[in-house]
2 protein chains.
Amino acid sequence: MTLILDNIAKIVSLTEAEKELFLSKIETKQYKAKTILHNAGEICKHSYFVNSGLVRSFNINDNIVEHVLHFACEGWWIGDMYSLLSQKPGNLFIEVMEDAEVVLLSKENQEQLYFEIPKLERFFRILTEKSLVAHQERLMDNLSLSAEERFDKFCKRYPTLIQRVPQKQIASYIGVTPEFFSKMKSRMLRK
Amino acid sequence: MTLILDNIAKIVSLTEAEKELFLSKIETKQYKAKTILHNAGEICKHSYFVNSGLVRSFNINDNIVEHVLHFACEGWWIGDMYSLLSQKPGNLFIEVMEDAEVVLLSKENQEQLYFEIPKLERFFRILTEKSLVAHQERLMDNLSLSAEERFDKFCKRYPTLIQRVPQKQIASYIGVTPEFFSKMKSRMLRK
DNA sequence: CAACTTTCTTAACCTACATTAAGTGCCAAA
DNA sequence: TTTGGCACTTAATGTAGGTTAAGAAAGTTG
């Protein structure tokens with residue numbers, strides 16, 4: 001349970017009292033693999049922090065094709081930012097991939113915490129900034145790199161995920177079909 | 001000069017004293033078209049807010065191809081978030097496309113303001129959240145939509161830019177070559 | 001205004017990746 | 001033990017979009 005406090009401590013330092021208050025606002029739950037934490041079309045009420053296990057967010061376009069936006073394993077946050085912030089129905093699904101322990105922080109509690117502990121507003125500002133930078137880089141990579149180069153980057157950035165995530169999901173994350181990914185992988189191995 | 005205060009007022013409300021303090025921390029400059037505000041390889045010192053004119057950020061990959069990350073016209077913020085936050089050399093260029101009046105906010109002043117006016121930390125948190133949501137959507141669009149659909153979305157989202165931005169830059173923004181864009185456009189007109 | 005540069009277009013040809021389809025191997029439920 | 005589902009592979013064929021090259025428009029500068 002200290003994982004989330006450690007995560008915060010990397011960016012801002014809370015007093016014991018503040019830690020207590022923060023802990024009183026969150027909720028920890030266990031989920032089996034394949035549980036859907038949030039459905040497209042619904043309004044997202046929580047931010048999720050992964051204590052253990054593996055979670056992903058993805059959308060499904062008209063052609064019934066899934067596209068993975070994000071993987072989150074131990075120590076990562078995940079959610080449907082659009083829906084959470086706008087309180088409108090989003091188009092992301094959030095699904096547990098491996099049995100997981102997840103911390104839930106409701107939108108109301110999160111906003112209360114901004115008032116009660118301004119340092120947490122700083123924490124989430126910085127978290128969001130880092131996420132934005134990562135998304136900008138991924139966007140530029142999608143515009144300028146080949147599938148092979150995007151896969152290389154993925155391997156370097158998320159070495160632990162490669163063993164854990166089914167390769168069709170990695171294919172989806174980097175933006176190719178599972179068939180092409182398979183072919184590409186064997187082509188890369190041959191070198 | 002009230003444009004930037006209006007921009008802030010849409011999200012948080014400042015007292016007159018706070019407005020004064022904020023204004024004392026920024027600097028307004030005029031730039032001619034084609035001026036480079038920030039070079040790839042350098043450390044970014046400022047956030048930029050566009051009062052008038054038009055500014056873009058882009059990178060250049062190994063093959064000497066430009067990719068536009070962002071356009072900013074009146075009332076928009078622009079910068080190299082990666083370089084600004086990490087204080088390391090980035091790989092974005094920021095260039096004035098039409099003669100512009102730009103507000104500069106240095107990183108130091110921005111961070112001072114977070115302490116002096118916590119509401120501004122809230123303002124930038126929310127600004128960053130909105131930007132993140134927009135980037136997530138653009139990323140998913142790049143993964144799942146055709147060039148034609150991406151162009152449609154661009155037209156709906158930035159109707160005023162279409163007249164102002166050379167079409168090769170729009171092509172770059174949506175991720176196709178100028179030649180293909182030209183072909184696609186005439187194909188779309190024929191319908 | 002001419003001379004130059006940059007943007008846009010057109011067209012022939014090329015390739016990275018998608019689609020469709022069939023087949024393999026694995027493992028979990030019945 | 002079978003059966004069915006799911007992840008992965010292979011291969012033939014299709015296509016969105018890239019590349020190259022050349023000329024036409026349009027904008028910029030002296």
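Basis for what follows: all heavy atoms, side chains included, without hydrogens, waters or symmetry-related copies. All of these numbers come straight from a predicted model, not from anything done at the bench.
Counting only heavy atoms from C-beta on, B/V176 has its side chain closest to D/dG18 among D/dT9, D/dG18, C/dC17.
Each of B/P166 and A/K183 has a nearest nucleotide on DNA chain C; the 5'-most of these lies closest to B/P166. Each of B/E179 and B/K34 was assigned the nucleotide of DNA chain C with the nearest heavy atom; the assignment lying further toward the 5' end belongs to B/K34.
You'll find the ring centres of B/F151 and B/F181 inside the 6.0 Å limit. In summary, the aromatic rings of B/Y48 and B/W76 are positioned with their centroids too far apart to meet the 6.0 Å limit.
For the pair A/K168 NZ and C/dG25 P, the interatomic distance rounds to 20 Å; values are reported in whole Å. Protein atom CZ of B/F180 is 16 Å distant from nucleotide atom C1' of C/dC8, rounded to whole Å. A straight line from CG of B/L143 to P of C/dA18 spans 10 Å, rounded to a whole angstrom. Protein atom CG of A/N61 is 13 Å distant from nucleotide atom P of C/dA18, rounded to whole Å. Atom CD1 in A/I174 sits about 11 Å away from atom C1' in C/dC17, given to the nearest Å. The separation between B/I170 atom CD1 and C/dT9 atom P is 11 Å, rounded to whole Å. Rounded to an integer number of Å, the gap from CD of B/Q167 to P of D/dA26 is 12 Å. Atoms CD1 (A/I64) and P (C/dT20) sit 11 Å apart, rounded to a whole Å.
Proximity of a side-chain donor or acceptor of B/E18 to a complementary backbone N or O of B/T15 within less than 3.5 Å is detected. A/S24 contributes a side-chain N or O that, together with a main-chain N or O of A/L21, makes up a donor-acceptor pair within less than 3.5 Å.
Checking the phosphate oxygens (OP1, OP2) of C/dA16, no side-chain nitrogen or oxygen of A/R187 falls inside 4.0 Å. OP1 and OP2 of D/dA7 both lie 4.0 Å or more from every side-chain N or O belonging to A/Q169. At D/dG18, one or more side-chain N or O atoms of B/T177 fall inside 4.0 Å of OP1 or OP2 (strictly under the cut-off). Proximity of A/K185 to the phosphate of D/dT9: a side-chain N or O atom is located under 4.0 Å from OP1 or OP2.
At a threshold of 4.0 Å, the pair A/R187-A/E148 counts as salt-bridged, since one of the basic side-chain nitrogens sits closer than that to a carboxylate oxygen.
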